[in-house]
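The block underneath contains the structure these notes are about, expressed in structure tokens.
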Amino acid sequence: MDQDLKYTLNLPQTEFPMRADAVVREPKRLERWQTEGLYQKLQEKNKAGEAFILHDGPPFTSGEIHVGTALNKTLKDIVLRYKTMRGYRTPYVPGWDCHGLPIEYRVMVAMKKEEAQGPQAIRSACAAFSEKYIQLQRTQFERLGVLGEWEGAYRTMDPQYEGDILRTFAAFVEADLIYRSKKPVYWSIPCRTALAETEIEYRDTSSPSIYVAFPMQQDAFVVVWTTTPWTLVSNLAIALHPKAAYEWVHYQQKRYLVAHERVEAFVAACGWEGTHTSLAGLGALLEGDKALHPFLDRESPLVLADYITMDAGTGCVHTAPGHGPDDYQTGLRYGLEVYCPIDEQGCYLDDGKVPQAWVGASVLDTKTGANTLVINTLREKGCLLQQATLQHSYPHCWRSKTPLIFRATDQWFIGLGRYALRQKLLDAVKTVAWLPEWGAARMEGFLKSRPDWCISRQRLWGVPLPVFYDEHGAPYADAGVIRALAEKIAQKGSNFWFEANAQTLLEGIPLPPSWQGKLLTPGTDTLDVWMDSGSSHHAVLKRNKALAWPADLCFEGSDQHRGWFQSLLWTSVVTQGAAPYKKVITHGFIVAEDGKKISKSEGPSQTAASYITRYGADVLRLWIASEDYRDDIPLSENILNQVVGAYRSFRNTLRFQLGNLHDFDYERHAVKTFSPIDQWVLKKTDELIERVTESYELYQFHRAYQELNAFCVNTLSARYHDILKDRLYTLAPNDTLRRSSQTAMYRVLRTCMRLLAPILVFTTDEAFEFLTQSQKKAYESIHLQAWPQTKPSLYDTDVCAQLDSLIAFRSQVHEALEAARQSKRIGQSLDAQVTLAIGPDVLQETLGKCLVRHVDLLEELFIVSKVHLVLVPELGLAVQVDHASGVRCPRSWRWVEALVEAPGFGAVCKRCEAVLRS
RNA sequence: GGGCUCAUAGCUCAGCUGGUUAGAGCACGCGCUUGAUAAGCGCGGGGUCGGUGGUUCAAGUCCACCUGGGCCCA
């Protein structure tokens, strides 16, 4: 019987599945977008619109994409999809940063020694490596739903792009910003090559550990400690900490300068007894005092440095600017020479300063080599206070496994302080909108403190540093020549440089007079990869006709304040005189739920694919949207599960609406005037549009997420939808009230889908397809739809306000209903009848007036069978709940006074009987 | 060690220019429903706003310091 009645209800019907089954369905939809050319359609649709150019920061092609990379690309995609729906023309050309040490290193590790012969073999292996990961990364980005000009993506290893890198370099040469200078680098003696940080292995080794006295005045010495005696030849200073206290250690009629904190350890190491100390002063006071080199005819001034620590040594630090990065920096500050009398093979050079007998001695030779020579000499001179052997962890060459040395070599620099360039940069920073705003301060801090930019690398996988050297090693760099070379490289690729000799390279290029008649050799250095990506505004924005310079937006991790944003700015200010971007947004980094960084060694791998295969792209995107990316971004299974719940809630909301619109044809059934509750939801929807739009405009997607989530849960599921079920299910299909709600729901649904579309790219498109089917229209992607607009003409604001107060009052009714439920007087709320005893004071209030005015709506709003309003003399408003009297209609489940007979269906309430009759 | 930065319920987020008992969703507990059902509804218990000290009639909201986290340097 009840079953027969159930079939007379208008229950929701839809094929839109409750479960996403994203792992299967998303790739199918993606394939469809690709076949139908969704990206191209979007560009076509908005081709007359105002342009919004997001300039993509290129990820390295060194592996699979990390979840952090996925986050970055997805945020950009959300921005672009939103802007596209707002009507902007949004060409998006993604890119890849192909060159660089990480790739070369991985290729070298994988290559056998006999394969790694010659630059071409290594470079082509690197190119293949990059190419492989470009393809893989592209697939993964597309799988995330990222739309873009994938076929026309830029790559820093494209010949055209490489040409533009050289042109950028030419501009620096032309502006007289390039100079050559020595700088200490890690040097592998057996490999005769410079190494980078990542190529270093730390291994335990034993080194000599010596305390050396540098004479100051009569019987006064300053004591240094070192584990690399051979570098004493290059000692040019002794560094003290400006804030540390220094003391004289008196021993056998002599005194020795040592930091107060190190006196005890020093005396113990030397095994001295009967010492006493006297104060010498703070380090800062000793600046400028002179010591004498213990065995060379040279002074060694006392200088200051704040990196000095008191956990080893004497607090007086032997400083050789040619043999250590700290020493180098100190040397720069004090104008010391970057002195390094060591040749490529790690042997003393004959420069007229190194003792003649030492020339050719090797720093690696532990028996008769440089260390031994130095130590013996120190002993002879009485300057060796103590000698021991130290076991410690020391950098070694990854390939030869031998200890590395710091060796100053010739490098190329950009003089960032020349011609007021730094000030121009600082001015340019002010023309950019930074989001968060502190990005500007961070940029300024970096710009002010940044030392000159070392742009040369002793690597193979990169763009050549296009200079030549004559037979004496003198460099030749000329902007005109470099531009002409850039033309050739843009045609032939940078391999040309590594394959050709100087004559071929310079063929047909007019040479400056000073170059004439010289025997030239091409340099073997490559350019720092920041020069590569830093040239992108020129190589991409200016080259691609669909794009524009400057970019409207760059959107990268906050590490790029120091990286790409800065290299872009330097190159752009030099070549264009202005910043290459109007707005810069940064996001933070993914951390674990406890806020700590995710360790790479432990825990599951954090590749994007590992998440997509478990959760699908839309859930991952929803998580990305749900986080405030400006700060650290926590990620855990717990957090993702939470997002899964939110995703289900969105999906079910859409599904409920689709199901209740199954018999609704907008063309035929839409109403013009809405019932009060429908007006109310339409106003709430307009408010949602305003809030969500503002959130997208401010790039605060997490607020859009929160707004949409709260709307679906509170406004729709718990209120509007719940209230509507009775009329949607039990009234006649064509009942005006029902059609009113369906019309409103149709608008709410289309609004929600579009507001969610930039985030839930797959799900909203899927839902939209079901809606278009039910409207018997041809499928057109949700992403081609326009952004929702508010429509205040649909509702009466006063009516909405009255409904607001009635709906707020529901919670008081619910409390009373709950109490009745707990005491087993009722089960579901339709079992109840509610009596509202209204006092004279409440009757004067908005609520009282609304209750009286809309008394006919109350049963529906409260989802109960009967509501009585009673005016009472007592103050206040009392809610009384009783079990409804009468009988329960088996169709509508409402309690009524009496049932009537509906032919063929048995006894039902009057309202249902009328429905059944029609 | 330095520059920039963050710190509100178990989780994700609100809380405007300082002003009533700090909010939402999720999670949790207790119920209802079985006509959104691997769904839906209701009620409820959880924060004193990282800590300390100040400014103020009044501070989560301003200032100082401390602790912890992050990015980038050293």
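Reminder, nothing fancy here: chain letters follow the sequence lines and each chain counts from 1. No hydrogens, no waters, no symmetry mates; every other heavy atom, side chains included, goes into these values.
Listed nucleotides: B:C32, B:C30, B:A39. Nearest to the side chain of A:Lys824: B:C32. The nucleotide whose nearest atom lies closest to any side-chain atom of A:Glu815 is, among B:C43, B:U37, B:C26, B:C43. Of the candidate nucleotides B:G25, B:G3, B:U12, B:U12 has the atom nearest to the side chain of A:Glu627. Of the candidates B:C73, B:G42, B:A36, B:C73 carries the atom nearest the A:Arg562 side chain, counting heavy atoms from C-beta on. Comparing atom distances between the A:Glu593 side chain and each of B:G70, B:U5, B:C11 picks out B:C11 as nearest. When the nucleotides B:U12, B:C4, B:G35 are ranked by their closest atom to the side chain of A:Pro634, B:U12 comes out on top. Listed nucleotides B:U34, B:A36, B:A14 differ in distance to A:Arg703; the shortest reach to its side chain belongs to B:A14. Of the candidate nucleotides B:U12, B:C41, B:G25, B:G25 has the atom nearest to the side chain of A:Val713. For A:Arg442, the listed nucleotide lying nearest its side chain is B:C4; candidates were B:C4, B:A24, B:G42. Relative to the side chain of A:Asp559, the nucleotides B:G69, B:C72, B:U12 differ in distance, and B:C72 lies closest.
Checked by atom type, the side-chain pair A:Arg911/A:Thr730 shows a donor-acceptor distance below 3.5 Å. Using modelled atom types, one finds no donor on one side chain facing an acceptor on the other under 3.5 Å when comparing A:Tyr334 with A:Gln329. If you check the side chains of A:Tyr746 and A:Gln657, you find no donor sitting under 3.5 Å from an acceptor.
Note on A:Ser636: nothing from the nucleic acid sits closer than 4.0 angstrom, heavy atoms only. In this structure, A:Arg891 reaches the bases: a heavy-atom distance under 4.0 Å links it to at least one base atom across the strands shown. Using a 4.0 Å heavy-atom distance criterion, A:Gly659 is classed as making no nucleic acid contact. Among the atoms of the strands shown, only primed sugar atoms or phosphate atoms (P, OP1, OP2) are found under 4.0 Å from some heavy atom of A:Asp326. Looking at heavy-atom distances under 4.0 Å, A:Gly645 makes no contact with the nucleic acid at all. In this structure, A:Asn714 reaches the sugar-phosphate backbone alone: every heavy-atom distance under 4.0 Å involves primed, P, OP1 or OP2 atoms, never a base. Among the heavy atoms of the strands lying under 4.0 Å from A:Ala718 are primed sugar atoms or P, OP1, OP2 only; no base atom is included. Residue A:Asn709 is classed as a sugar-phosphate contact, given heavy-atom separations below 4.0 Å to backbone atoms only. Among the atoms of the strands shown, base atoms are found under 4.0 Å from some heavy atom of A:Gln706.
Within 90° of 0 lies the glycosidic angle of B:G46, which makes this nucleotide syn.
A ring-centre distance under 6.0 Å is found for A:Tyr629 and A:Phe555. Residues A:Tyr246 and A:His260 place their aromatic rings such that the two centres sit no closer than 6.0 Å.
In this structure, A:Phe589 does not count as stacked on the base of B:G70 under the 5.5 Å centre distance and 30° plane angle limits.
Of all nucleotides present, only B:G42 satisfies the Watson-Crick or G-U wobble test against B:C30, with each distance under 3.5 Å. A 3.5 Å limit on both hydrogen-bonding distances identifies B:G70 as the Watson-Crick or G-U partner of B:C4. In this entry B:U20 has no Watson-Crick or G-U wobble partner, no candidate having both defining distances under 3.5 Å. The partner of B:U48 cannot be assigned: no Watson-Crick or G-U wobble pair with both contacts below 3.5 Å exists in any strand. With both pairing distances under 3.5 Å, B:A9 is matched to nothing as a Watson-Crick or G-U wobble pair. Nucleotide B:U56 is matched to nothing when pairs are restricted to Watson-Crick or G-U wobble geometry with both distances under 3.5 angstrom. Pair check for B:G35 finds none; no Watson-Crick or G-U wobble contact set falls under 3.5 Å.
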Do A:Ser636 and A:Glu593 pass the side chain to side chain donor-acceptor pair (under 3.5 Å) test, and can you show the C-alpha distance, the side-chain angles, and the key distance before you say yes or no? CA-CA 6 Å; A:Ser636 69; A:Glu593 193 173 309; 2.4 Å; yes
Could you go through A:Arg25 and A:Asp618, starting from their C-alpha distance and side-chain angles, then the distance that decides it, and tell me whether this counts as salt bridge (Lys or Arg N to Asp or Glu O under 4.0 Å)? CA-CA 11 Å; A:Arg25 283 202 206 98; A:Asp618 267 1; over 6 Å; no
Are A:Arg727 and A:Asp735 close enough, and set up right, to give a side-chain contact (heavy atoms from CB on, under 4.5 Å), and what steps lead you there? CA-CA 9 Å; A:Arg727 66 164 72 166; A:Asp735 189 287; over 6 Å; no
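The P atoms of B:C16 and B:G23 are separated by 14 Å, rounded to the nearest whole Å. When the P atom is compared between B:G46 and B:U5, the two are found 38 Å apart, to the nearest whole Å. When the P atom is compared between B:A58 and B:G15, the two are found 26 Å apart, to the nearest whole Å. Comparing the C1' positions of B:G60 and B:C6 gives a spacing of 15 Å, expressed to the nearest Å.
Atom CG in A:Leu817 sits roughly 11 Å away from atom C1' in B:C41 (whole-Å rounding).
Between A:Arg655 and B:U37 there is a side-chain polar atom (N or O) within less than 4.0 angstrom of OP1 or OP2. Taking only side-chain nitrogens and oxygens, A:Lys6 comes nearer than 4.0 Å to OP1 or OP2 of B:G35. Not one side-chain nitrogen or oxygen of A:Lys597 sits closer than 4.0 Å to the OP1 or OP2 atom of B:G69. Between A:His702 and B:A14 there is a side-chain polar atom (N or O) within less than 4.0 angstrom of OP1 or OP2. The side chain of A:Lys725 places an N or O atom within less than 4.0 Å of a non-bridging phosphate oxygen (OP1 or OP2) of B:A36.
Checking A:Ser892 against A:Asp632, the closest nucleotide of RNA chain B that is more toward the 5' end is the one next to A:Ser892. The residue among A:Tyr729 and A:Ala710 whose nearest nucleotide of RNA chain B is located toward the 5' end is A:Ala710.
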